[in-house]
Amino acid sequence: MLLRQPTSVSEAQECMAQGAVPIGGATLVWATWQRDGFPELAMSLRSLPEATVVAPEALGAAVVLQRVDDRVPEVLRRAAASVGTGAVRRTATVGGNLVGSSLRCLLPAALVLDARATVLGPDRPYETDLAEVMAKRHLLLGLRWRTPLASGYRKLPAEAGGPPPLVVATAVHADGPGRNLLRVAVRDGYDVLSGTAPCDTGADGALDTLAGTDVGALPAAARDVVREQVAGLMDTLAGR
């Protein structure tokens, strides 16, 4: 297998045109390659500046999870810290978790940040929403978002080899003068559901609104966790 490491977008596009298979840490594909054979040409984005940024409102797809630190919002930092073991986090990448994994532990965090994705198309990079990235499995370059007023993340314990643990991500954003908007995203099994609600009337009012969204259709136990997370986030925001 020949591994290319482009240092510019134009080089990455050339690799794509040659049929290069994008890889990050290869944590999710190594076993498959050992079984089915390695690709002739692979491409890593770890030398591409656009894919390696870590900033308060941007995160590159080639960043390994261990590097996701307090430069990004709490919800995203805690999501990255919850993935696998330390050895996995030192190798697995943001893009691999979002696009290559069926668990997508970072997706709820990205959704509540209302993140936009920059992807590499055949002709140029362009910005799109996360739904398109998930559906079409684009080559992700990175994420951008607006800094929230507050955010939180909770991942319930789970037994190894069992069903995916419940994940609840929350964030509050300024939504104009005197208005705040709550975003909630939940991974229940392999499904990720989300909802938004005004939160200027407090946690109870926001939860009443969320009951009419996809989040309101969750099982009772999951709704209880959402309720706790929303209440805690509102308390944090009120204390600032």
| Flag if over 12 foreign heavy atoms under 6.0 Å of CZ, R144 | no

| Are L120 and L41 connected, step by step, through hydrophobic side chains (Ile, Leu, Val, Met, Phe, Trp, Tyr) whose heavy atoms are closer than 4.5 Å? | no

| request: Kindly say whether V167 contributes a backbone atom to a donor-acceptor pair with the side chain of K155 at under 3.5 angstrom? | output: no

| Is the shortest heavy-atom distance from the side chain of V72 to the side chain of W145 under 4.5 Å? | yes

| message | Checking side-chain polar atoms at under 3.5 Å, does E57 have a donor or acceptor matched by the opposite partner on T147? | response | yes

| task | Decide side chain to side chain contact (heavy atoms under 4.5 Å, CB included) for V63 and T93; before the verdict, give the C-alpha distance in whole Å, the side-chain angles of both, and the deciding distance to 0.1 Å. | result | CA-CA 5 Å; V63 174; T93 62; over 6 Å; no

| Distance-minimising heavy-atom pair for P108 and A185 | O-CB, 3.5 Å

| task | Considering non-hydrogen atoms only, spot the tightest contact between S8 and L48 and give its length. | result | C-CD1, 3.2 Å

| Considering the options V186, V168, D224, which one meets the side-chain contact (heavy atoms from CB on, under 4.5 Å) requirement together with Q229? | V168

| said: Determine whether a donor-acceptor pair (N or O, by modelled atom type, separation under 3.5 Å) exists between the side chain of R223 and the backbone of A217. | reply: no

| note | What one should report as the nearest heavy-atom pair of V64 and R46 is CG1-NH2, 3.4 Å

| remark: When rounded to the nearest 0.5 Å, the distance separating SG of C105 from OH of Y153 is 5.0 Å

| field | Cluster overlap V53 with L106, hydrophobic side-chain contacts below 4.5 Å | value | no

| Shortest non-hydrogen contact between L140 and G95, atoms and distance | CD2-CA, 4.0 Å

| query | Would a distance-only check, ignoring hydrogens and angles, find a side-chain to backbone donor-acceptor pair under 3.5 Å from H173 to V112? | reply | yes

| D200 backbone acceptor or donor facing N180 side chain under 3.5 Å | no

| query | Roughly how far, to the nearest 0.5 Å, is the CE atom of M16 from the CG atom of L139? | reply | 5.5 Å

| request: Grab the two heavy atoms, one from A197 and one from A206, that are nearest each other, plus how far apart they are. | output: CB-O, 3.5 Å

| message | Quick one: does any side-chain atom of R116 pair with a main-chain N or O of L143 as donor and acceptor, under 3.5 Å? | response | no

| field | Any donor-acceptor pair under 3.5 Å from R187 side chain to P165 backbone | value | yes

| Got V94 and V68 here, is their nearest side-chain heavy-atom distance under 4.5 Å? | yes

Can you give me every donor-acceptor pair (side chain of residues 207-214, partner residue at least two apart or in another chain, under 3.5 Å) with its distance?
from	atom 1	to	atom 2	distance (Å)
T209	OG1	G205	O	3.3
T213	OG1	L210	O	2.7
T213	OG1	V215	N	3.2

| query | So, do P73 and L113 sit near enough that their side-chain heavy atoms are less than 4.5 Å apart? | reply | yes

| field | CA sep, side-chain torsions, deciding dist, call: C199, V172, side chain to side chain contact (heavy atoms under 4.5 Å, CB included) | value | CA-CA 8 Å; C199 57; V172 173; 3.9 Å; yes

| message | Main chain of A55, side chain of R71: is a donor-acceptor contact present, judged purely on distance under 3.5 Å? | response | no

| said: Using modelled atom types and a 3.5 Å cut-off, is there a donor and acceptor pairing between side-chain atoms of D188 and backbone atoms of D191? | reply: no

| message | Membership question, hydrophobic clusters at under 4.5 Å side-chain separation (ILVMFWY): are L237 and L181 in the same one? | response | no

| request: With sequence neighbours excluded, tell me which residues meet side-chain hydrogen bond (donor to acceptor under 3.5 Å, both in side chains) with E228. | output: R154

| said: Test your reading of the model: is there a side-chain donor-acceptor pair from E50 to the backbone of V9, 3.5 Å cut-off? | reply: no

| For D204, does the CG atom have more than 12 heavy-atom neighbours from other residues, nucleotides or ligands under 6.0 Å away? | no

| Would you say V225 and L233 are hydrophobically clustered, going by side-chain heavy atoms of ILVMFWY under 4.5 Å? | yes

| message | Any heavy-atom pair between the side chains of T196 and V184 that's under 4.5 Å? | response | no

| message | Within this structure, what is the CZ-CG distance for the pair R77 and D70, rounded to the nearest 0.5 Å? | response | 6.5 Å

| field | Interatomic distance, L59 atom CG to L141 atom CG [nearest 0.5 angstrom] | value | 12.5 Å

| Residues in side-chain hydrogen bond (donor to acceptor under 3.5 Å, both in side chains) with R90, at least two apart? | none

| Listed partners of E11 passing side-chain hydrogen bond (donor to acceptor under 3.5 Å, both in side chains), at least two apart | T7

| V226 and L218: CA distance, side-chain angles, deciding distance, side chain to side chain contact (heavy atoms under 4.5 Å, CB included) verdict | CA-CA 10 Å; V226 170; L218 289 165; 4.2 Å; yes

| request: Kindly work out whether a path of hydrophobic side-chain contacts (I/L/V/M/F/W/Y, heavy atoms less than 4.5 Å apart) joins V192 to M134. | output: yes

| Q18 CD to R4 CZ distance, which is reported to the nearest 0.5 Å | 5.0 Å

| said: Under the rule for salt bridge (charged side-chain N to carboxylate O under 4.0 Å, His left out), what residues qualify as partners of R183, not counting sequence neighbours? | reply: D114

| request: For L3 and I23, run side chain to side chain contact (heavy atoms under 4.5 Å, CB included): C-alpha distance rounded to whole Å, both residues' side-chain angles, the deciding distance at 0.1 Å, then the answer. | output: CA-CA 9 Å; L3 176 64; I23 63 170; 3.8 Å; yes

| field | Distance-minimising heavy-atom pair for Q13 and G121 | value | NE2-O, 3.7 Å

| query | Is there a side-chain contact between Y126 and V119 (heavy atoms, below 4.5 Å)? | reply | yes

| field | Separation of L130 CG from L98 CG (nearest 0.5 Å) | value | 7.0 Å

| Taking only residues two or more places apart in sequence, or in another chain, which ones meet R78 in a side-chain hydrogen bond (donor to acceptor under 3.5 Å, both in side chains)? | E74

